[in-house]
Amino acid sequence: MINVFRPSFADPTSSIPAYRFETSESLTRDVHIKAIHSHNDYWRKRPLLDALSWGVVSVEGDIWHFNETYTVSDTVTETTQEFKNSEIYVGHNQVYLAPQNTLNSLYLDPLYYFLEGANKEFSVPILEKFDSKFSVFYDAPEVPLFFWLDLKTEGHELYDKLKPYLDRFIKKNYLARYDSANNKHLDGPIVLTLTGDVPWDMIDQESQSGQTRYVYADCPLQNFSDDTSDEDWKRYERSCKLASASLQQLLGEDLYKSAVRGDLKEAHQNKLKSYFDKAHEHNIKTRIWGGVDWPIYVRDSHWKTLWSLGCDLINADDLKAAATLF
C-alpha cells in the first residue's frame with residue numbers, strides 16, 4: 001500500500017496544495033450531506049476539505065484586505081512576515097494571520113478545481129439535463145455549497161477587492177446569482193453570502209441595476225417579525241438566500257441567560273420558531289451563531305432542538321460531533 005503525503009494548507013514549505021490530492025469523489029463519495037455550518041472553517045487542519053469530507057453543506061471564512069503592504073516581525077521565532085495589498089487573507093484576527101493563508105489558496109482555488117472536475121465537457125450531450133452546474137458533492141451534485149465570507153475589514157473596499165477574484169467562477173456559471181432585470185434568482189453550485197461588514201448600499205444598488213449580482217447578503221434574522229415592512233421584505237427577498245443572528249439577539253438578554261445553562265424551554269422555543277417560520281415564508285434559510293459550545297450536553301440539546309424547530313443550518317465548531325449527533 002502506498003502512503004500518499006497530504007500537506008496542510010498552513011505548511012508554507014509545501015509546494016503542492018492539499019486539495020490537489022483530492023477530488024469531489026474522494027472527499028464526498030458515500031458521504032451523506034448534512035445541514036451543518038462549518039463555523040470558522042479555516043481553523044480546520046485542512047480548511048474546506050475536512051468540512052466536505054463530513055458532508056457539511058456550509059462553510060465560512062473570515063477575510064481581510066489591507067490597503068498597504070506591511071511586515072510583521074516575530075521576536076520569538078526571529079522571522080518576518082509580509083502581507084501584500086494585492087492579496088485577501090483568511091483568519092480570525094489580524095494578529096494570527098499567515099501570509100500563506102489567502103482566500104485563493106484556502107478556498108477559491110480548491111473550489112474551482114473541484115467544480116472543474118465535476119463539470120467536464122462532453123463531445124456528445126449527457127443523458128441527464130440540469131438547470132445548474134454540478135456542485136462539489138459527489139453523491140448529491142444538485143446540492144449547492146453555501147460559502148460565507150465574513151468581511152473583517154471595511155466592507156465597501158473589501159467587496160470591490162473581492163469582485164475580480166470571482167471572475168473565473170462567473171464565466172463558468174458556478175455562482176448562484178440574482179438577475180435584477182427579471183427579478184429572478186438563478187441557481188449555481190456555490191451560493192456566496194457576505195456577512196460581517198456587509199456593504200448593504202452596494203448590494204441594494206446591484207439588486208436594482210438591471211444587471212446580474214453574484215453575491216448575496218446575510219440577512220439580519222433578528223429583524224424578521226410581523227412588524228417588518230413590505231419594502232424590507234422585498235429587499236431581503238432579492239438580496240438574501242440566508243439569514244443569521246446570535247442566540248442572544250433572538251432571545252433577548254433575560255431568555256438568553258436562562259437558555260445557556262440548560263435545555264431550550266417552551267418560551268425559548270416559541271420565540272426562536274417565530275423567526276424561523278417568518279424566514280421560511282420568504283424562502284430564506286436560517287442559521288444561529290453565538291450559541292452554547294459548553295457544557296457539551298447543553299450544546300447537543302440545543303442543536304437537536306434548533307433542528308426540530310426548523311433552523312436550516314446547525315452552527316458547529318466540532319464537525320465530528322455535529323455530524324454524528326443526529
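Positions are given from 1 along the sequence. A quick note: this is a predicted structure, and the numbers were derived from the prediction, not measured.
- Contact annotation: the side chain of Ile296 never approaches that of Asp318 to less than 4.5 Å [non-hydrogen atoms, C-beta and beyond].
- Applying the ring-ring contact (aromatic ring centres under 6.0 Å, His included) rule to Phe146 yields no partners; only residues at least two apart in sequence or on another chain are considered.
- Of all heavy-atom pairs between Lys133 and Asn173, the closest is CG-O, 3.7 Å.
- To the nearest 0.5 Å, the span separating CD1 on Ile88 from CG on Leu106 amounts to 13.0 Å.
- With respect to the salt-bridge test (charged N to carboxylate O, under 4.0 angstrom), the residues Lys152 and Asp150 qualify.
- Side-chain contact between Leu115 and Pro189 is present, with heavy atoms from C-beta onward closer than 4.5 Å.
- In this structure, CD1 on Ile288 lies 5.0 Å from CG on Leu250, to the nearest 0.5 angstrom.
- The aromatic rings of Phe114 and Tyr19 stand perpendicular to each other, their planes meeting at an angle above 60°, with 30° marking the opposite boundary.
- Val76 shares a hydrophobic cluster with no other residue; no ILVMFWY side chain has heavy atoms under 4.5 Å from its own.
- For the atom pair OG of Ser239 and CG of Asp218, the computed distance is 11.5 Å after rounding to the nearest 0.5 Å.
- Looking at Leu272 and Thr305, their side chains never come closer than 4.5 Å, going by heavy atoms from C-beta outward.
- Remark: Lys271 is not positioned above the aromatic ring of Tyr275, lacking an NZ or CZ atom under 6.0 angstrom from the ring centre and at most 45 degrees off the axis.
- Every pair tested for disulfide (SG to SG under 2.5 Å) that includes a residue from residues 264-326 fails, sequence neighbours excluded, so the list is empty.
- Salt bridge absent: Lys320 and Asp50 never bring a charged side-chain N and a carboxylate O closer than 4.0 Å.
- Note that CG of Asn104 and CD of Glu87 are 6.5 Å apart. Values are rounded to the nearest 0.5 Å.
- A salt bridge does not link Glu237 with Lys234: none of the charged nitrogens is closer than 4.0 Å to a carboxylate oxygen.
- When only modelled atom types and interatomic distance are considered, Tyr42 and Asn40 share a side-chain donor-acceptor pair under 3.5 Å.
- Side-chain contact between Leu325 and Lys304 is present, with at least one heavy-atom pair separated by less than 4.5 Å.
- A donor-acceptor pair is defined here as one N or O able to donate and one able to accept, closer than 3.5 Å; no such pair exists between the side chain of His185 and the backbone of Asp179.
- Using a 4.5 Å heavy-atom threshold, the side chains of Val198 and Tyr216 count as separate.
- Counting heavy atoms from C-beta on, the side chains of Leu158 and Leu149 never come closer than 4.5 Å.
- With a 6.0 Å cutoff to the six-membered ring centre and a 45° limit on the axis angle, Arg287 counts as a cation-pi contact of Trp148.
- Between His39 and Trp43, the ring planes lie perpendicular to each other; the angle is over 60°, past the 30° to 60° tilted range.
- No donor-acceptor distance shorter than 3.5 angstrom exists from the side chain of His302 to the backbone of Arg299, with no hydrogens or angles considered.
- Here the two rings, on Phe326 and His32, have centers that are 6.0 Å apart or farther.
- Cluster membership for Leu319 and Trp289, using ILVMFWY side-chain heavy atoms within less than 4.5 angstrom, is not shared.
- Note: Tyr112 and Phe169 have perpendicular aromatic rings, judged against thresholds of 30 and 60 degrees for the angle between ring planes.
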